[in-house]
Each structure stands twice: as structure tokens, then as C-alpha cells.
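One structure is given here, and the rest of the page talks about it.
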Amino acid sequence: MAKDCSFDVVSEFDRQELVNAIDQTKRDIQSRFDLKDSNSSVDLDADKTITITTNDNMKLKNIVDILQSKMVKRNLSIKILDPLPVENALGGSVRQVFNLKKGLNQDLSKKIVSEIKNSKLKVQASIQGDQVRVSGKSKDDLQDVIKLLREKEDVFNIPLQFVNYR
């Protein structure tokens, strides 16, 4: 009797690595000549948003570039950043808020399940809250599903991780 194997498809990020990337960005802002006296700030709000405030759009772009490079160095996908429009703040400064994407919403989960079903592999996919469980008899089929989802990651526009592989 063959035992079913399974894994979960999730979209998460390491909070501590994100905090470290933001701290490094703040240190870079303090040390860079072009940003030193710009009254710039980068704040993480309750693991839901990152808010960047600075004097002008050029400095804002530079700070976003610094933040993204620090995230990449810490193995965080920049796809977790969902930018909102730039808005004017007090004192002639500009502010941009980035929502942090975490978990799979219902629509995205349905897309992932339909991609798996369209692949004609002998696996079952089911939505369980903010993750998708994929199970099947063959580990090779499960690895083919992981390969398929990695190739389609740009279509989903969210970083995917594969956990609880059994």
C-alpha cells in the first residue's frame, strides 16, 4: 500500500530578515552624502506596511533602491513589496507606503490549484486557509508540480515557498 506524499505551497517572508534589511537601509541613509540631511525615514508598521518619507522623489527612488538591494542580499523577494502611489506629506516632503504581501489570497489559491489541475499530473491540490496542500502517490509528480509553479511564479506575481514536504 503506497503512502501519499504531500507539501504545502505558501507565500511568507522572514520577518527578522526584513527588519535587518530596514535597519541596514536606515544606516545607509545616515552615511550616504546625498541622503544624510534629507530627514528621511523608513518605518516598518506592524508587519503589514513599510513607509518611506523623504524630501523629494529622487531621494525616494534612491531609498527604495537601497531597500530593495538590502532585501535581495538577505534572500527576501522584492515581490513582497506592493507599492502604493507616492503622496505628499507635511513640509513639502513625499511619502510612499509599501504593503507587504504575505499568504495566499483566495483568488491566487484558486489560480494555483487550476494550474496544477491543468498540468494533468496525478496529484490532488486543495486550498487550506492561506496555503495550498498538494498531495500525490509519487514524489516525482510532486517535484514536477514544484517545478511547474516555480516557472509560473512571475504569472502569480508573488514569491512562493514549498514547506512540509513529506
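Just so we're clear, the structure is a prediction, and the values are computed from it rather than from any experiment.
- Panel note: side chain Gln96, backbone Leu84; a donor-acceptor pair is recorded below 3.5 Å.
- Lys61 places none of its side-chain heavy atoms less than 4.5 Å from the side chain of Val64.
- Clustering ILVMFWY residues whenever any of their side-chain heavy atoms sit less than 4.5 angstrom apart, transitively, puts Leu44 in the very cluster that holds Leu76.
- Note on Val19 and Ile50: same hydrophobic cluster, where clusters join Ile, Leu, Val, Met, Phe, Trp and Tyr whose side-chain heavy atoms are under 4.5 Å apart, directly or indirectly.
- Closest approach of Pro159 to Ser11, counting heavy atoms only: O-OG, 2.8 Å.
- In this structure, the side chains of Glu115 and Ile112 stay at 4.5 Å or more apart for every pair of heavy atoms.
- No path of Ile, Leu, Val, Met, Phe, Trp and Tyr side chains, each step under 4.5 Å between heavy atoms, connects Val9 with Leu148, placing them in separate hydrophobic clusters.
- At least one side-chain heavy atom of Leu104 sits less than 4.5 Å from a side-chain heavy atom of Leu160.
- When each of Ile66, Leu60, Val97, Val94 is tested with Ile52 by the rule side-chain contact (heavy atoms from CB on, under 4.5 Å), just one qualifies, namely Leu60.
- Of all heavy-atom pairs between Ala21 and Arg74, the closest is N-CD, 3.7 Å.
- Here the straight-line distance linking atom CD of Glu87 with atom OG of Ser93 works out to 10.0 Å at 0.5 Å rounding.
- For the pair Arg27 and Gln24, the minimum side-chain heavy-atom distance is below 4.5 Å.
- With respect to the salt-bridge test (charged N to carboxylate O, under 4.0 angstrom), the residues Asp107 and Lys111 do not qualify.
- Under 4.0 Å is where a charged nitrogen must lie from a carboxylate oxygen, and between Lys59 and Asp56 at least one such pair does.
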- Message: One pair to check against side chain to side chain contact (heavy atoms under 4.5 Å, CB included): Lys102 and Ile80. What are the steps and the verdict?
- Response: CA-CA 7 Å; Lys102 187 172 187 174; Ile80 66 171; over 6 Å; no

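- Considering CD1 of Ile116 and CG of Leu149, their distance stands at 5.0 Å, rounded to 0.5 Å.
- The side-chain heavy atoms of Lys101 and Asn157, taken from C-beta on, include a pair separated by under 4.5 Å.
- Interatomic distance, Lys79 NZ to Phe13 CZ, rounded to the nearest 0.5 Å: 16.0 Å.
- Between Asn75 and Glu17 there is no side-chain heavy-atom pair separated by less than 4.5 Å.
- Environment of NZ in Lys26: crowded, with over 12 heavy atoms of neighbouring residues, nucleotides or ligands closer than 6.0 Å.
- Rounding to the nearest 0.5 Å gives a distance of 8.0 Å between CE of Met71 and CD1 of Ile22.
- Considering CG of Asn20 and NZ of Lys70, their distance stands at 11.5 Å, rounded to 0.5 Å.
- For the atom pair SG (Cys5) and CG (Leu142), the distance works out to 6.0 Å, reported to the nearest 0.5 Å.
- The shortest side-chain heavy-atom distance between Asp4 and Lys137 falls under the 4.5 Å cut-off.
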- Task: Might you work through the side chain to side chain contact (heavy atoms under 4.5 Å, CB included) test for Lys110 and Val113, ending with a clear yes or no?
- Result: CA-CA 5 Å; Lys110 287 179 183 177; Val113 168; 5.7 Å; no

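- The minimum heavy-atom distance between Ile158 and Gly103, with the atom names listed, is CD1-O, 3.8 Å.
- You'll find the side chain of Leu81 reaches within 4.5 Å of the side chain of Leu100, heavy atoms only.
- Checking Thr54, Thr53, Thr25, Asn55 one by one against Ser40, the side-chain hydrogen bond (donor to acceptor under 3.5 Å, both in side chains) holds for a single residue, Thr54.
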